[in-house]
Amino acid sequence: DTGVSQDPRHKITKRGQNVTFRCDPISEHNRLYWYRQTLGQGPEFLTYFQNEAQLEKSRLLSDRFSAERPKGSFSTLEIQRTEQGDSAMYLCASSLAPALPNEQFFGPGTRLTVL
Amino acid sequence: QQQVKQSPQSLIVQKGGISIINCAYENTAFDYFPWYQQFPGKGPALLIAIRPDVSEKKEGRFTISFNKSAKQFSLHIMDSQPGDSATYFCAPITQGGSEKLVFGKGTKLTVNP
């Protein structure tokens, strides 16, 4: 399977703990996006990378959140001192730019539950 | 997400019927208009998309209609099938820059056999 993969698929943690998620994009894709989706809502943009450079961050991405893409391949999203409001599905997507249209391919997501 | 208003929230149709989902947007900088389909436990997947220089695009049973002056676009699913049961999102973008998707709240479609 050469699609976008995410690990873990599910994470249950206690409030105040740190969690880290990993995303492996489609291998030739230079762009990687993180979105967050809460129950009954559409995904919301968090941040994106072009190769290893993080080029935009949403105001949703508080100081407790950090994302990296060290070698322009896989990416990690870390949440420090988790809060119950962080419970959501975290989706990763990748794309090849420049390309018109810039189709984003999504992974299956990591579902985070903060108790 | 307030930039994009999607309706209805949920839709139930019979097999063989027509499903219509609407999307209204505010940001005139949007210049590419995709619809994404999401099944439970999966990430969204691109279904069909349209550029603003055309008013309609058809791919199989799926059609997008686009009204630039009204800032609206809609998804029509002809001959709806139980396998079409999913959540559908409009997610317009502005090409160039981040090209982040701006998702609507979604429409849960149920097609009864």
Side-chain angles (χ1 to χ4, degrees), chain A residues 1 3-10 21 23-26 29-50 53-61 67 88-111, chain B residues 1-10 21-25 27 30-54 57 59 64 66 75 86-109:
Chain A
D1 188 348
V4 178
S5 62
Q6 293 187 246
D7 183 70
R9 293 292 307 277
H10 304 272
F21 311 140
C23 171
D24 286 89
I26 293 172
H29 283 183
N30 54 358
R31 282 199 178 175
L32 188 147
Y33 298 80
W34 286 99
Y35 293 84
R36 181 173 70 185
Q37 185 176 23
T38 54
L39 204 59
Q41 302 293 315
E44 296 175 288
F45 170 79
L46 293 177
T47 189
Y48 94 103
F49 294 83
Q50 175 107 2
Q54 187 174 19
L55 297 184
E56 185 173 333
K57 295 194 289 185
S58 161
R59 281 176 285 182
L60 293 174
L61 215 65
M89 176 77 84
Y90 290 83
L91 292 162
C92 174
S94 71
S95 70
L96 185 62
L100 293 176
N102 181 2
E103 180 179 353
Q104 295 182 26
F105 294 82
F106 282 82
T110 294
R111 181 166 294 283
Chain B
Q1 282 191 341
Q2 292 181 350
Q3 295 185 66
V4 178
K5 293 183 180 179
Q6 190 174 333
S7 62
Q9 275 190 305
S10 62
I21 304 171
N22 301 298
C23 189
Y25 63 94
N27 188 349
F30 290 144
D31 55 7
Y32 188 63
F33 300 89
W35 285 93
Y36 278 75
Q37 180 187 54
Q38 186 176 30
F39 293 103
K42 304 284 188 182
L46 178 64
L47 182 64
I48 186 172
I50 196 168
R51 299 181 188 280
D53 53 347
V54 297
K57 180 177 180 180
E59 290 183 356
I64 295 182
F66 180 72
L75 174 68
T87 300
Y88 293 81
F89 296 95
C90 58
I93 71 169
T94 304
Q95 297 188 95
S98 69
E99 298 180 321
K100 61 191 173 191
L101 296 161
V102 181
F103 284 86
K105 289 190 175 183
T107 297
K108 185 175 181 180
L109 172 65

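Letters A, B, ... are given to chains in the order of the sequence lines, protein chains preceding strands, and every chain is numbered from 1. Since this is a predicted model, take the numbers as computed values, not measurements.
- The part of A:Gln37 that comes within reach of chain B is its side chain, from C-beta onward, which places non-hydrogen atoms under 4.5 angstrom from that chain.
- Summarising the geometry, atom CD belonging to A:Glu103 is positioned 10.0 Å from atom CG belonging to B:Leu101; distances are rounded to the nearest 0.5 Å.
- Within the 4.5 angstrom heavy-atom criterion, only side-chain atoms of A:Glu56, from C-beta onward, approach chain B.
- For A:Tyr33 (side chain) and B:Ser98 (main-chain N/O), a donor-acceptor pair under 3.5 Å exists by modelled atom type.
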Under the side-chain contact (heavy atoms from CB on, under 4.5 Å) criterion, do A:Tyr48 and B:Glu99 qualify, and how do the steps go?
CA-CA 10 Å; A:Tyr48 94 103; B:Glu99 298 180 321; over 6 Å; no
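- A 6.0 Å sphere centred on CD of B:Gln9 holds no more than 12 heavy atoms belonging to other residues, nucleotides or ligands.
- Counting heavy atoms of neighbouring residues, nucleotides and ligands inside a 6.0 Å radius, atom NZ of B:Lys108 does not exceed 12 of them.
- Taking 4.5 Å as the heavy-atom cut-off, the residues of residues 40-50 of chain B that approach chain A are B:Gly41, B:Lys42, B:Gly43, B:Pro44, B:Leu46, ordered by number.
- Using a 4.5 Å cut-off between heavy atoms, A:Arg31 contacts chain B through its side chain alone, with no backbone atom that close.
- At a 4.5 Å heavy-atom cutoff, A:Leu55 makes no contact with chain B through either its backbone or its side chain.
- Here the side chains of A:Gln41 and B:Phe103 are not in contact, with every heavy-atom distance at 4.5 Å or above.
- Interface remark: A:Phe105 contributes no atoms to any contact with chain B (heavy atom separation under 4.5 Å).
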